[in-house]
Amino acid sequence: MSELILASTSSARRALMDGLGVPYRTEAPGVDEHVPADLPAEEAVRMLAVRKARAVQERHPDAWVLGADQLVEVGRDVLGKPQDRDAARAQLTRLLGNTHVIHTAVCLLGPGGHHSETAEDTRLTFFPVPAEELERYLDTGEWEGCAGSYRVEGRGQALLQKLEGDRTNVQGLPMLSVVRLLRQAGFDLFARP
Ligand SMILES: Nc1nc2c(ncn2[C@H]2C[C@H](O)[C@@H](COP(=O)(O)OP(=O)(O)OP(=O)(O)O)O2)c(=O)[nH]1
């Protein structure tokens, strides 16, 4: 198989791909992540996952390229990554005591015009916690670089009352679907190095 490139700067996505063990490398997509403000969350993440994968594939037309994007939907609000601690506090205040949906899309592009993609949802319900506990969670710094301002695999799991769906989808890649897309594309996931 031609090389596999993860079109991502995300350490969380790298960690998930490292766990899968398939040889790959990463390359920053370097795309404008603006989408129409009224676009539904699932359409927005699909559009951006494709945009990221296409940007890298244009540089490496013979490679397989995996792109992904994620947004958090709570009520009518759509949340991305917080810019600072105050933004993270506002996001978590919105999520605590409520149920929100993580939308993550993945796009796999390959030689010969291969294009497969999927979007997965994971529903999470957070405990309502007092402001002082929220401040102590913010002190962990887990909010940095995370859509929704928490890490489900870190201290953020102490906020989690219920999770329905693929847990890895929250971390950045729906690994059940990534495995399916790779297998459908003909990848040998246990190839000898
Ligand atoms: N470790 C961890 N990361 C999370 C969690 N929830 C969200 N994230 C991270 C994964 C992604 O890096 C980021 C979602 O934002 P984006 O989809 O825009 O990706 P990002 O800009 O980080 O990287 P990329 O666009 O792939 O270069 O949030 C979590 O529970 N744990």
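In this chain, residues are counted from 1 in sequence order. Read the numbers this way: they start at 1 and go in the same order the structure lists the ligands and their atoms.
- Side-chain N or O atoms of Thr104 include one that pairs as donor or acceptor with a backbone N or O of Asn169 at under 3.5 Å.
- The single protein non-hydrogen atom nearest to atom 25 (O) of ligand 1 is Lys52 NZ, 2.6 Å, given as residue, atom name and distance.
- When the shell of 6.0 Å around CD of Gln83 is examined, it contains 12 or fewer heavy atoms from other residues, nucleotides or ligands.
- Taking 4.0 Å as the cut-off, Gly148 does not count as a neighbour of ligand 1 on heavy-atom distance.
- At under 3.5 Å, a nitrogen or oxygen of Val152, whether backbone or side chain, sits near a nitrogen or oxygen of ligand 1.
- Closest protein heavy atom to atom 7 (C) of ligand 1: Gln70 OE1, 2.8 Å.
- The closest non-hydrogen atom to atom 19 (O) of ligand 1, taken over Arg13, Glu144, Gln171, comes from Arg13.
- Remark: Glu42 engages Arg46 in a salt bridge, criterion side-chain N to carboxylate O under 4.0 Å.
- The Tyr150 neighbourhood of ligand 1 comprises atoms 5 (C), 6 (N), 29 (C), 30 (O), with distances under 4.0 Å to a heavy atom of that residue.
- When atom types are taken as modelled, the side chain of Ser116 and the backbone of Leu181 share no donor-acceptor pair closer than 3.5 angstrom.
- Protein heavy atom nearest atom 21 (O) of ligand 1, with residue, atom name and distance: Lys81 NZ, 2.7 Å.
- Close N/O approach between Val170 and ligand 1 is found [any backbone or side-chain N/O within under 3.5 Å].
- At least one heavy atom of Glu33 lies less than 4.0 angstrom from ligand 1.
- Interface of Ala12 with ligand 1, defined as ligand atoms under 4.0 Å from a residue heavy atom, comprises 1 (N), 2 (C), 3 (N).
- Within the set Ser11, Ser10, Gly145, the minimum heavy-atom distance to atom 13 (C) of ligand 1 is found for Gly145.
- Per-residue contacts place Glu153 under 4.0 angstrom from the following atoms of ligand 1 (heavy atoms of the residue considered): 1 (N), 2 (C), 29 (C), 30 (O), 31 (N).
- Between Glu164 and Arg123 there is a salt bridge, with a side-chain nitrogen of the basic residue lying less than 4.0 Å from a carboxylate oxygen of the acidic one.
- Using a distance-only test at 3.5 Å, with no hydrogens or angles considered, a donor-acceptor pair links the side chain of Gln157 to the main chain of Glu153.
- Checked by atom type and distance alone, the side chain of Arg59 pairs as donor or acceptor with a backbone atom of Pro29 at under 3.5 Å.
- Applying the 6.0 Å contact sphere to CZ of Arg155 captures no more than 12 heavy atoms from other residues, nucleotides or ligands.
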